[in-house]
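What follows is a single structure, written as structure tokens, with notes after it.
One-based numbering, in listed order, for ligands and for the atoms of each. Quick note: numbers below take in every heavy atom, side chains included, and nothing from hydrogens, waters or symmetry partners. We're numbering straight along the sequence, starting at 1.
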Amino acid sequence: MKQDLISDVVVKRDLTSDVATKRKLIFEKSKDGHHGYSLPQLDVPERAIGELLPKNILRDIDPQLPQVDELTVVRHYTRLSQMNHSVDTGFYPLGSCTMKYNPKVNEKVARLEGFVHLHPYQPEEEVQGALEVIYTLERLLAEITGMYRGTLQPAAGAHGELTGMLIIKAHQMKKGEKRTKVLVPDSAHGTNLATAKMCGYSVVELKSNPKGQVDLKLLEEALDKDVAVFMLTNPNTLGLFEENVIRISEMVHRVGGLLYLDGANMNAIMGYARPRDMGFDVVHLNLHKTFSTPHGGGGPGAGPILVTEELEPYLPVPVAERRGGHYTLDYDRPLSIGRVKAFYGNFNVFVKALAYILAMGAEGLKQASFDAVLNANYLKEKLKKSYYLPYDFPCMHEFVLSGEWQAKKGVKTLDIAKRLMDFGFHPPTVYFPLIVKEALMIEPTETESKDTLDAFAEAMIKIAQEADLTPEVVQSAPTTTPIGRPDEVRAARNPVLRWKPEER
Ligand SMILES: *Cc1c(COP(=O)(O)O)cnc(C)c1O
């Protein structure tokens, strides 16, 4: 291997002398002469091949492939797959990301033949079932959010933000308004600021008040006729419900601005509160957070948006419609912002989300939110004696601790996160939201049992004790994982994703 994977991502202190051996053990499986196939004897004279085949397609040198037998290949990949932490192998309390359990029945439904063999260019009459999935899911999400219509096209939350903001922009331009500013609280997810910038707005950041909420006085000062949108997250990224959301909505609308909901935290309020009733004009949902579909490597995401009646004409084309018992795709929408995704979005994700919503039912979704909030508050109360809790209020589905007490002893939040891995837990989100120093953002989700929450709390409390008594143990963690402290920038910028032959 030219660039060795391990030394490429691991910080020096972890490995020093041992890299080469470690790398050899884990990745260098090739041995000259080993192979996992048996081909019949060549029955063409070798000389003839050179004459029969055009010269330009003949190789000069043999392909540089690893030489391995079948079992070695199977074991190699199986072992690599087991090096990853996942929702299916352990507790994954990654705040803001909502690593919910992915029900296996969803996968089964999404793999039904009728779904997997669809082609996007099939005529409408042949794909009535698929259109029904799209239409029904959109209607259910509209029901859950209290909104009028929506689109499932965006591939992620951030993409939903962009779509929603382009819709608002199109609407305001149609009215002849030239609004230039977008307001964002200082607790917001980075994608909100990026979205506003991408849409050509200048961003005004609002400092949160000591309760972690929107400061109404600062909001009042920031509001004027240039404000296009206030992008708000509710529950916000501190896991707190914005108590004044109705007031906020009135204030923003009074100056002619619109209110955008970053609905990434909808899993805390399903069935209890509806974005439309809170005064929002647009909301995005993350099906891979709230509606149990897998994240990232587990499959693509989806970030549907839902809008009010006023904004409906601007939705991307096509919009699925039901006319006289027949499903159809409507492209005839003159005010539409156009397409935001090839074809109709990540269709198989819709199937999984729909399967989840139908399996849960209205009461089940409500129960999921209730349990998510209960689990978070339970853990928060268990941990707040050992870790500083800067916003000590009843939380929603997640809460944010600070590692400040431990930092005074030289143990950073990153060290705490690394040490948790030795106990078999995925660390919480760290250093976000930015307004909490040494932040540890914990989201247990609704499906975890009391036993798991207790075991996690026990590990966290033990780490707090270690930070007091034996800080070096925490500082040198993890010791049980194949890779310890990756240089995250190098790992992200120069990932080594495939085996390369050793240079001879
Ligand atoms: C996850 C998240 C986003 C972005 O969603 P993606 O699906 O990752 O693009 C935006 N805002 C908040 C609050 C989030 O938690």
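- Listed by chain and residue number, Thr78 satisfy the side-chain contact (heavy atoms from CB on, under 4.5 Å) test with Gln82 (two or more places apart in sequence, or in another chain).
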Side-chain donor-acceptor distances from residues 424-437 under 3.5 Å, at least two apart:
residue : atom : partner : partner atom : Å
Thr429  : OG1  : Gly95   : N            : 3.2
Thr429  : OG1  : Gly95   : O            : 2.6
Tyr431  : OH   : Leu414  : N            : 3.2
Tyr431  : OH   : Glu438  : OE1          : 3.2

Quick check on ligand 1: any N or O pairs to the protein under 3.5 Å? One line per pair.
residue  : atom   : partner : partner atom : Å
ligand 1 : 5 (O)  : Asn286  : ND2          : 3.0
ligand 1 : 7 (O)  : Gly157  : N            : 2.8
ligand 1 : 7 (O)  : Asn286  : ND2          : 3.0
ligand 1 : 7 (O)  : His288  : NE2          : 2.7
ligand 1 : 9 (O)  : Gly157  : N            : 3.3
ligand 1 : 9 (O)  : Ala158  : N            : 2.8
ligand 1 : 11 (N) : Asp262  : OD1          : 3.3
ligand 1 : 11 (N) : Asp262  : OD2          : 2.5
ligand 1 : 15 (O) : Ser96   : O            : 3.0
ligand 1 : 15 (O) : Ser96   : OG           : 2.7
ligand 1 : 15 (O) : Lys289  : NZ           : 2.8

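- The pair Arg322-Asp330 fails the salt-bridge criterion, with no side-chain N (NZ, NE, NH1 or NH2) lying under 4.0 Å from an Asp/Glu carboxylate O.
- A salt bridge links Glu446 and Lys100; the closest N-O separation between the charged side-chain nitrogens and carboxylate oxygens is under 4.0 Å.
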Would you please test Tyr121 and Phe343 for ring pair (Phe, Tyr, Trp, His ring centres under 6.0 Å) and show each step?
CA-CA 9 Å; Tyr121 282 135; Phe343 302 111; 5.3 Å; yes

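- Listed by chain and residue number, Phe115, Phe347, Phe350, Val351, Leu354 satisfy the side-chain contact (heavy atoms from CB on, under 4.5 Å) test with Val133 (two or more places apart in sequence, or in another chain).
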